Undergrad: 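A single structure is presented below for examination.
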Amino acid sequence: MLGNLEMVSASKIRKSQDLMNASRPYVRMMRRISGHLSKANPEIRHPFTVEYDTVEKVGYIIVSSDRGLCGGLNNNMFRMVMTDMMEWQEKDVGVNLVTFGKKASAFFKNVNVEIMGHVAGLGETPQIEDLIGAVRIMLEAYRDNEIQRLYIVANEFVNTMTQKPTIVQMLPLPPTDDEEISDIWDYIYEPDAQSLLDAVSVRYIEGMIYQAVLENLASEHAARMLAMKNATDNAGDLIDELKLAYNKARQAAITQEISEIVSGAAAV
């Protein structure tokens, strides 16, 4: 059974990696266009770039898996974000959440935070359309100054052996540090630059969250494959130990029976 789960995860990880790698250029380009529009039009102040003077409430979008048996992948991330949330709560700052995945929903429903939205059952090929509703909740909350910071929490896929839990600030959008937009030149906009910046910024944030979901999916399969391999190896070691103990006990019983037969024959 464990070996089967390991093979299933090994077969799925390649597909999830392909999805993850395919979306990365899109997210980078959307960020580049957004940064270029902002630098070329400094008179435009987009709401997502506004940094509020006081922080009364922060939001987290937490990406987890729907299923378990993937080692400490989810728990390590939950511990990290709980530490971060406690630091805000010690400053009397409230916390709102949107959760992706059943594991995050089950964990945080017992924590003293408000869950504003939840998405589960994204499957092996997540669609960005399934995420937009929950994402818009947080974006509107930021526009309306109901939250003053927004973070995305997910596992970053480093390689098959390493998955790193991360907390990344989404809003306000951090300054763009990109050599490709260091030289300011401009387009002729249709419609106006403000409308384009608003559309591109929203698409960038949605793409960033979609990328985080794909990264977490690849991390989930890698962690499950490794966990099942370790479990299979441990089960094999345990079987070997039990076989050795059984053979020793069996040999001792045979030796005992032979000794009793010899002793009985000698007595006759």
Side-chain angles (χ1 to χ4, degrees), residues 1-21 62-86 99-111 118-126 153-167 212-268:
M1 178 63 179
L2 298 177
N4 291 338
L5 288 175
E6 179 187 349
M7 288 187 289
V8 168
S9 294
S11 66
K12 289 180 177 179
I13 191 172
R14 174 55 61 185
K15 183 178 180 180
S16 61
Q17 280 183 277
D18 290 342
L19 289 172
M20 176 188 71
N21 292 329
I62 301 177
V63 182
S64 71
S65 66
D66 283 321
R67 296 174 296 164
L69 298 177
C70 49
L73 185 76
N74 291 309
N75 289 334
N76 292 337
M77 182 177 65
F78 294 160
R79 282 197 296 269
M80 182 183 67
V81 71
M82 283 294 296
T83 301
D84 199 67
M85 288 193 300
M86 288 173 62
T99 60
F100 293 158
K102 294 178 182 178
K103 293 300 180 180
S105 177
F107 181 87
F108 287 101
K109 71 179 181 180
N110 299 317
V111 179
H118 171 62
V119 178
L122 294 173
E124 299 300 326
T125 55
V153 183
N155 286 289
E156 178 187 353
F157 181 86
V158 180
N159 53 51
T160 306
M161 301 297 294
T162 306
Q163 302 83 43
K164 182 174 68 175
T166 59
I167 300 177
V213 170
L214 295 179
E215 295 262 356
N216 199 80
L217 179 62
S219 298
E220 176 189 349
H221 289 315
R224 182 173 293 113
M225 182 178 68
L226 185 61
M228 292 302 99
K229 181 181 184 305
N230 291 337
T232 301
D233 292 343
N234 292 337
D237 293 340
L238 181 59
I239 290 172
D240 291 340
E241 291 176 5
L242 292 175
K243 280 184 177 179
L244 181 61
Y246 168 76
N247 289 333
K248 286 182 177 179
R250 179 170 173 271
Q251 187 62 47
I254 292 172
T255 303
Q256 177 74 21
E257 290 178 4
I258 293 174
S259 298
E260 291 175 355
I261 292 172
V262 171
S263 298
V268 174

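None of the values given here were measured: they were computed from a predicted structure. By convention here, the first residue in the shown sequence is residue 1.
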Undergrad: Atom CG of Leu217 and atom CG of Leu19: how far apart are they, to the nearest 0.5 Å?
TA: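 Interatomic distance, Leu217 CG to Leu19 CG, rounded to 0.5 Å: 7.5 Å.
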Undergrad: To the nearest 0.5 Å, what is the distance between CG on Leu238 and NZ on Lys243?
TA: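 So the gap between those two atoms works out to 11.5 Å.
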Undergrad: Working to the nearest 0.5 Å, report the span between CZ of Phe157 and CG of Asn216.
TA: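 It comes to 12.0 Å.
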Undergrad: Can you name the closest pair of heavy atoms from Val63 and Ala154 and give their distance?
TA: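 What the structure gives for the nearest pair is CB-CB, 3.9 Å.
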Undergrad: Of all residues at least two apart in sequence or in a different chain, which pass the ring-ring contact (aromatic ring centres under 6.0 Å, His included) check with Phe108?
TA: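 For Phe108 the ring-ring contact (aromatic ring centres under 6.0 Å, His included) partners, ignoring immediate neighbours, are Phe78.
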Undergrad: To the nearest 0.5 Å, tell me how far Glu215 CD sits from Met20 CE.
TA: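 So the CD of Glu215 and the CE of Met20 are separated by 5.0 Å.
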Undergrad: Enumerate the side-chain hydrogen bond (donor to acceptor under 3.5 Å, both in side chains) contacts for residues 99-109, please, sequence neighbours excluded, ordered by first and then second residue.
TA: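 Checked against side-chain hydrogen bond (donor to acceptor under 3.5 Å, both in side chains) - neighbours excluded - the pairs reaching residues 99-109 are Thr99-His118.
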Undergrad: Tell me the closest heavy-atom pair linking Cys70 and Glu220, and the distance in Å.
TA: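 Nearest heavy atoms, Cys70 then Glu220: CB-O, 4.0 Å.
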Undergrad: In the structure I gave you, are the side-chain heavy atoms of Val153 and Met77 within less than 4.5 Å of one another anywhere?
TA: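 Counting from C-beta outward, Val153 and Met77 do come under 4.5 Å.
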Undergrad: Under 3.5 Å, side chain of Ser64 to main-chain N/O of Phe100, donor-acceptor pair present?
TA: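 Checked: pair present.
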Undergrad: Is any side-chain heavy atom of Gln251 less than 4.5 Å from a side-chain heavy atom of Asn247?
TA: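 No. Closest side-chain heavy atoms not under 4.5 Å.
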Undergrad: Ile254 versus Ile258: any side-chain heavy-atom pair under 4.5 Å?
TA: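 Of all side-chain heavy-atom pairs linking Ile258 with Ile254, at least one is under 4.5 Å.
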Undergrad: Look only at the side chain of Asp66 and the backbone of Gly121, and say whether a donor-acceptor pair between them is shorter than 3.5 Å.
TA: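 Yes, Asp66 side chain to Gly121 backbone: donor-acceptor pair under 3.5 Å.
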Undergrad: What distance do Met80 atom CE and Thr166 atom OG1 have between them, rounded to the nearest 0.5 Å?
TA: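 Spacing of CE (Met80) from OG1 (Thr166) equals 6.0 Å.
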Undergrad: For Asn74 and Ser65, which heavy atoms make the closest approach, and how far apart are they?
TA: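 Shortest heavy-atom contact: ND2-OG, 2.8 Å.
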Undergrad: Determine whether Leu214 and Pro126 make a side-chain contact, defined as any pair of heavy atoms from C-beta on separated by less than 4.5 Å.
TA: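 Counting from C-beta outward, Leu214 and Pro126 do come under 4.5 Å.
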Undergrad: In Å, rounded to the nearest 0.5 Å, how long is the span from CD of Gln256 to CD1 of Ile261?
TA: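 One finds 10.5 Å between CD of Gln256 and CD1 of Ile261.
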Undergrad: Is there a side-chain contact between Asn75 and Arg79 (heavy atoms, below 4.5 Å)?
TA: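 Heavy-atom side-chain distance check passes, below 4.5 Å.
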Undergrad: Can you see which heavy atom on Asn110 is nearest to which on Ala106, and at what distance?
TA: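 Looking at all heavy atoms of both residues, the closest pair is ND2-O, 3.7 Å.
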